[in-house]
Structure formats: C-alpha cells, structure tokens
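A quick write-up on the structure given underneath.
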Amino acid sequence: MSRRKPASQEEAKTRVVSINPATMEVIGEMPMSTPEDVKQAIRAAQKAFGGWARLGVAARAQYLLRARDYILDHMDDVTTTISMDTGKPMVEALNAEVMVVVDLITQYAKRAVRLLEDDPLPLTNPVIRMTKSSKIVYQPLGVVSVVSPWNYPFSLAMSGIIFALLAGNTVVFKPSTEVAVVGKKIEEIFTKGAVLPAGVLNMIVAAGSSVGTAIFEPPVQKIVFTGSTAVGKWIQQVAAKHFIPTVMELGGKDPMIVLDDADLEMASSGAVWGAFTNCGQVCSSVERVYVARSIYDRFVQLVEAKTKKLRIGSGLDFGVDMGPMISLDQLGVVENQVMDAIAKGAKVVTGGKRPEHLNGYFYEPTVLTQVNHDMKVMRDETFGPVLPIMPFEAEDEAVQLANDSIYGLTASVWTRDRSRAESIARRIQAGTVAVNDHAYTYGLPETPWQGMKESGTGVSHSDRGLLEFVYPQHLHLDHSPAIMKRRLWWYPYSKEAYEIQKMATDAFARTKNLPRFLANAFLNGKYRKTLF
Ligand code: NAD
C-alpha cells in the first residue's frame with residue numbers, strides 16, 4: 001500500500017484517492033463521475049426499469065439471493081474492505097455491516113414476495129360490494145436515488161438498494177467519496193455476484209458538492225438519503241419542487257437514561273459500547289447520558305474504568321476495540337465540541353485529546369462530566385468518541401432533558417423495572433426507544449429504523465420500509481350485471497334519486513333499516529329508473 005494524497009486541488013476534483021484513516025495508506029483510486037456520467041447513469045436506470053419491474057418479485061429475489069451468496073463466499077474480503085476504508089474494527093465491519101445485509105436479504109427475499117402480493121380490500125358498503133371489488137396492487141416507482149454516508153458504508157447503502165430492487169425499481173447509487181472503495185465493492189457484488197441486467201444498478205462516484213441536482217429530479221421517482229440533517233434539508237427542498245417523495249435518515253443526539261434501580265455493571269458497559277462503537281460515528285450512538293443522582297458517582301467510576309481499558313488502533317488488528325475517525329474534518333468537529341465544553345466548565349474524566357503514538361485520525365475515547373445543555377456537546381451532533389454524563393433528580397426531569405433536542409432518532413432507558421421502563425419510553429420523542437440496550441436494532445432488519453423531529457422522515461428496514469419503494473395503487477373492479485346501465489350517484493338528478501340516497505344513508509348507518517331499503521331499491525321496482 002502506498003501513501004499519497006491527491007497531488008493538487010485539480011486532481012481532487014477528477015479523482016478519488018481513498019485512504020485507510022488508521023494508517024493513512026492509499027487503498028484505492030478511481031475517477032470521479034462527470035456530469036455526463038451522472039446523466040448516463042440516470043438514463044440507463046430509466047431504460048432498464050420496465051424489464052426489471054416486469055420480472056416480478058420472486059424472480060428479482062433470486063438475483064438478490066445470488067448477491068447474498070457472493071457476499072457469503074467473499075465474507076473476509078468484504079469485511080476487510082470495509083475495515084480498511086473506514087478504519088473500523090473487523091468485528092464491527094462484520095456484525096454491523098455484513099451480517100445486517102446478509103440477514104436483510106435472507107429475510108426479505110421471502111417476505112417481499114408475500115408483502116408485495118395484491119392485497120384485496122374488503123368493501124363495507126353492502127350494496128356496492130354486490131357489484132364492485134377493490135384491491136391494492138404494489139407498483140414499483142421507477143428510478144430511485146440512494147445517497148449514503150461513510151459511517152456504515154455497506155449496510156446503509158445496501159438497505160436502500162436491496163429494498164428498492166426487490167420492489168422492482170432501478171437504482172442510481174452515490175456513496176460518500178470517503179468510502180468509494182466500499183462503493184466499488186457493492187457494485188462488484190451486484191455485477192459479478194448477482195449478475196444484474198445492465199442499467200438496474202448504476203453507481204456514481206462524486207463529491208456531494210459537485211454531484212448537482214440531477215439525481216434529485218425527474219425521472220428519479222424516490223430519494224433515499226442517509227446523512228446529515230443540513231444536507232437532508234437541502235435535498236428535501238430540491239425534491240419538493242417536483243413532489244418527489246423521500247426517505248430521510250438524518251442526524252441524532254441520542255440520550256440514554258439510567259434510573260436508580262438499573263444494573264450498573266450492565267448500564268456502564270452499555271454506555272461505553274453505545275458511545276464508542278464505530279468510534280462514536282453512529283447516528284444513534286449514545287451522545288448524552290442522564291443518570292439518577294443517587295447512582296451517579298458509581299456509574300461515572302465504572303464508565304471511566306471501562307473506557308480506559310479500550311484498545312485503540314487499526315481496525316484490521318483483531319485486538320483493537322476502537323478505530324480512528326474518518327477524516328481530519330470530523331476530528332476537528334469533535335475537538336471543537338470538547339474545547340467548548342471545557343471552556344464552559346466541563347471536566348474531562350478521561351481522554352480529551354489525540355493519542356500521541358498513533359498516526360491516523362485518532363481521538364481518545366473521552367468521558368465528560370459537569371456538562372449542561374448550554375454546551376455544544378449536549379446540543380449539536382458530535383459524531384465522535386465523546387460520552388458526556390449528567391445527573392438528574394427526578395424521572396420527569398430526565399424525560400425533559402432527553403426531549404430537549406432538535407433530534408429524535410433513538411434513545412434508551414436502563415432499569416430493572418419493566419413497567420417503569422415502558423412508561424418512560426412512551427414519553428421520549430424518538431423513532432426507537434430501547435430498554436437496557438442501545439442502537440443495535442438497526443441489526444434487526446424486521447424492525448423499523450426511523451427518526452422523529454429533525455432526525456428524518458420515512459422508514460428504513462421492516463415491512464413498512466419495503467413499502468416505501470412501491471406505489472400502493474388502488475384498483476376498483478366492476479362485476480355488475482349488464483342490465484345495470486347506470487349508477488345511483490350518476491346523472492340525471494331527481495327527487496327520486498334524492499329519496500333513495502337518503503334511505504341509503506340511513507340504512508348503511510342503521511343496518512336494521514337495510515332490508516327495507518333493499519326491498520325498495522331492488523324488489524318492488526319503486527326506484528327502478530334510478531338504478532337501471
Ligand atoms: P453528509 O450529509 O455530509 O453526506 C451524506 C451523503 O450525501 C454523502 O454521500 C455525500 O457525498 C452526499 N452529499 C453531501 N452533500 C450533498 C449535496 N449537496 N448533494 C448531493 N449529495 C450530497 O453526511 P456524512 O458526513 O456522510 O454522514 C454523517 C451524517 O449522517 C451524520 O449526521 C449522521 O447522523 C447521519 N447518519 C444518519 C443515519 C440514520 O440512519 N439516521 C445513519 C448514518 C448516518
């Protein structure tokens with residue numbers, strides 16, 4: 001592996017040079033897509049759409065199972081590629097990326113066939129249902145743009161791609177340039193493993209600042225964006241011009257509430273893992289801990305001791321617990337927040353600086369106390385290895401502090417009392433609230449992943465997440481006998497039409513009057529002219 005940065009700003013605009021942020025070694029280079037490449041990708045996706053949609057879900061699922069088997073056959077290679085491109089530990093590259101994707105395909109290759117079957121819609125009106133029926137048919141949307149971030153470059157990109165393809169859409173996919181090498185691996189999985197028809201999946205290599213708006217405008221029919229709230233808002237505005245629906249999976253500032261009856265050994269281990277896994281670069285990482293005053297000191301001691309034991313280094317080394325940050329920019333964000341907190345009175349319990357002995361973009365796992373909501377570290381997304389801990393006096397205060405955020409992605413409550421846990425969980429404004437665990441439910445593809453407030457809109461994963469990729473079209477079918485030439489509500493209007501509709505309104509509400517209405521309408525011929 002060589003070590004080199006792009007030679008010039010000019011080169012940075014035309015080529016992506018990927019480095020391993022743990023070692024600074026160059027692990028891959030590739031050309032940036034040109035604006036013409038972007039247009040070509042969208043055209044190719046549009047052209048491939050009809051054939052792919054017509055295949056049907058069962059046949060499409062077979063392609064995805066081939067992609068899955070390719071991943072399984074190349075598991076070490078895929079995991080190593082993810083670890084090298086991000087610096088994250090191999091265990092995390094496996095369990096939070098590869099395993100999630102394999103499970104998602106395994107579950108939904110079967111489940112999608114059932115979920116996307118035509119869905120009969122029972123009609124309730126007793127007269128209408130004698131001659132009509134309704135059903136929902138799940139139509140694919142067309143071209144879907146999947147734009148993904150660098151922190152989980154494999155699982156986040158794949159979850160959008162897999163559901164979009166299963167549902168019959170074609171995809172234009174743009175990974176973050178920080179992780180373009182993982183993007184290329186995804187492309188390889190679908191070309192060599194799944195052997196998708198040409199144009200069904202099209203990858204763009206482009207920086208966010210240069211990709212333009214084409215991937216958020218027609219003919220694109222849906223946008224799945226995972227990334228920062230700021231960029232999400234901008235994309236939402238572009239999409240709104242054409243009413244293009246979006247799934248927005250955005251930032252978080254996730255709280256953890258530790259009640260006075262919590263198992264402190266477990267809660268402190270959960271806090272350390274929840275804050276420092278993936279070097280804290282997790283949308284749903286523990287970014288704020290609120291601990292009952294009576295157990296606060298003991299909790300901080302345990303967290304400090306466990307944090308000090310974490311081993312930092314290159315994720316390729318199996319003896320490492322925490323890798324580097326992705327970039328110098330992200331490291332700068334974290335340093336800035338920690339400095340702001342210290343200036344406003346926070347105490348650094350451990351960490352708070354870059355380790356001296358390591359070369360890459362490392363920052364020590366950092367625990368802060370004496371924090372408050374005036375500090376950036378308690379308000380802004382940190383997205384790095386920082387764990388601020390704050391005491392609370394009463395449950396209501398804990399809930400109020402947890403909800404004091406523009407974000408609402410995930411949260412957790414730690415207690416031995418199940419009913420207390422559930423009653424607090426219901427009051428927290430977050431897409432997912434876990435009890436005695438944190439963040440990991442992204443690894444359960446059957447559960448929904450979603451944000452409230454500025455953490456996003458729409459759903460990823462789960463049955464509802466699959467339905468984001470289809471249009472539930474309503475088909476209303478006619479079975480009326482040929483003798484029925486008109487409908488009750490058609491022209492011409494008359495006193496007689498008014499009378500029968502009045503009687504119908506009454507009979508459909510007070511069903512005891514239904515027989516009299518049916519007799520009048522159909523048997524005694526009184527309203528024959530209105531119906532036939
Ligand atoms: P980002 O918003 O900077 O970039 C995300 C993606 O959007 C990248 O592919 C980037 O190249 C692209 N992009 C950026 N600006 C663009 C533009 N103007 N036009 C088109 N594309 C553009 O986010 P990031 O730094 O890559 O990721 C970190 C953020 O993602 C954090 O805020 C994190 O919370 C969030 N995130 C959310 C979830 C979730 O599920 N809610 C999951 C992971 C990450």
Side-chain angles (χ1 to χ4, degrees), residues 16 32-33 35 38 85-86 88 96-97 100 145-160 172-180 182-183 186 203-217 220 223-239 246-254 277-287 325-334 380-384 405-411 430-432 439-443 445 447-462 465:
V16 176
M32 289 271 199
S33 306
V38 174
D85 212 4
T86 58
K88 71 176 70 184
E97 304 249 35
V100 178
S145 285
V146 176
V147 177
S148 52
W150 46 261
N151 64 330
Y152 289 96
F154 193 67
S155 55
L156 290 169
M158 285 294 244
S159 68
V172 174
F173 155 53
K174 194 200 91 58
S176 166
T177 43
E178 300 286 1
V179 287
V182 175
I186 290 174
M203 176 170 141
I204 291 169
V205 181
S209 53
S210 64
V211 71
T213 55
I215 55 172
F216 307 125
E217 291 171 338
V220 169
I223 298 159
V224 181
F225 173 75
T226 311
S228 61
T229 295
V231 175
K233 281 183 183 174
W234 177 79
I235 293 171
Q236 191 83 309
Q237 282 176 18
V238 177
T246 62
V247 171
M248 291 276 156
E249 299 291 3
L250 308 176
K253 187 75 198 165
D254 294 2
T277 186
N278 211 33
C279 197
Q281 303 167 117
V282 187
C283 52
S284 55
S285 61
V286 172
E287 291 227 347
M325 306 211 57
I326 193 76
S327 66
L328 209 48
D329 284 353
Q330 198 53 38
L331 217 164
V333 171
V334 172
D380 300 347
E381 186 175 37
T382 307
F383 221 58
S405 172
I406 59 166
Y407 297 108
L409 188 57
T410 79
T432 295
Y440 93 101
T441 60
Y442 192 81
T447 65
W449 191 255
Q450 55 201 355
M452 287 176 72
K453 302 197 273 189
E454 296 204 7
S455 288
T457 59
V459 185
S460 295
H461 285 185
S462 79

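Just follow the structure's listing: the first ligand is 1, and inside any ligand the first atom is 1.
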Does the protein put a heavy atom under 4.0 Å from atom 4 (O) of ligand 1?
no
Closer than 4.0 Å to some heavy atom of [X] - which atoms of ligand 1 meet that?
X: T226; answer: 5 (C), 37 (C), 38 (C), 39 (C), 40 (O), 42 (C), 43 (C)
X: W234; answer: 17 (C), 18 (N), 19 (N)
X: L409; answer: 41 (N)
X: F225; answer: 2 (O), 5 (C), 6 (C), 7 (O)
X: F216; answer: 19 (N), 20 (C)
X: W449; answer: 39 (C), 40 (O)
X: F383; answer: 28 (C), 31 (C), 33 (C), 34 (O)
X: V147; answer: 6 (C), 7 (O), 9 (O), 12 (C)

Is it true that K253 and E381 have a side-chain N and a carboxylate O under 4.0 angstrom from each other?
no
Proximity to ligand 1 by part of [X], non-hydrogen separation under 4.0 Å:
X: I235; answer: neither
X: Y152; answer: neither
X: P175; answer: backbone
X: V211; answer: side chain
X: T177; answer: neither
X: E381; answer: side chain
X: L250; answer: backbone

Applying side-chain contact (heavy atoms from CB on, under 4.5 Å), run through S462 and T447 and close with a yes or a no.
CA-CA 5 Å; S462 79; T447 65; 5.7 Å; no
[atom] - nearest protein heavy atom and its distance:
atom: atom 10 (C) of ligand 1; result: K174 NZ, 3.7 Å
atom: atom 15 (N) of ligand 1; result: V231 CG1, 3.5 Å
atom: atom 27 (O) of ligand 1; result: P149 CB, 3.3 Å
atom: atom 2 (O) of ligand 1; result: S228 OG, 2.6 Å
atom: atom 24 (P) of ligand 1; result: W150 NE1, 3.4 Å

With no hydrogens and no angle check, do the side chains of [X] and [Y] hold a donor and an acceptor under 3.5 Å apart?
X: S460; Y: Q450; value: no
X: D254; Y: S284; value: no
X: Y152; Y: T226; value: no

Tell me whether ligand 1 is touched by Y442 - counting only heavy atoms on the residue side and a distance under 4.0 Å.
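Outside the 4.0 Å threshold, so no.
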Does S148 come within less than 4.0 angstrom of ligand 1, counting non-hydrogen atoms of the residue?
yes
Kindly indicate whether the side chain of W150, heavy atoms from C-beta on, has any atom under 4.5 Å from the side chain of D85.
no
Is there a side-chain contact between V179 and T86 (heavy atoms, below 4.5 Å)?
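Answer yes - side chains close enough.
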May I ask which of A206, G227, S176, G208 has a heavy atom nearer to atom 35 (C) of ligand 1 than the others do?
G227
Quick one: which of A207, C283, S460 has a heavy atom closest to atom 42 (C) of ligand 1?
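Closest candidate by heavy-atom distance is C283.
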From CD1 (I406) to CG (L250), nearest 0.5 Å
10.0 Å
Gap between atom CG of L409 and atom OH of Y442 - 0.5 Å precision
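Nearest 0.5 Å value for the OH-CG distance: 11.0 Å.
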Distance-only N or O hit between ligand 1 and S209, under 3.5 Å:
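There is no such contact.
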Short question: side chain of [X], backbone of [Y] - any donor-acceptor pair under 3.5 Å?
X: K174; Y: V205; value: no
X: S455; Y: Y407; value: no
X: T246; Y: M248; value: no
X: S145; Y: I215; value: yes

Pick from L156, T410, V247: which one makes a side chain to side chain contact (heavy atoms under 4.5 Å, CB included) with W449?
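By the side chain to side chain contact (heavy atoms under 4.5 Å, CB included) criterion, W449 pairs with just one of L156, T410, V247: T410.
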How far apart are the C-alpha atoms of E97 and S155, what are their side-chain angles, what is the distance that settles it, and do they pass the side chain to side chain donor-acceptor pair (under 3.5 Å) test?
CA-CA 5 Å; E97 304 249 35; S155 55; 3.3 Å; yes
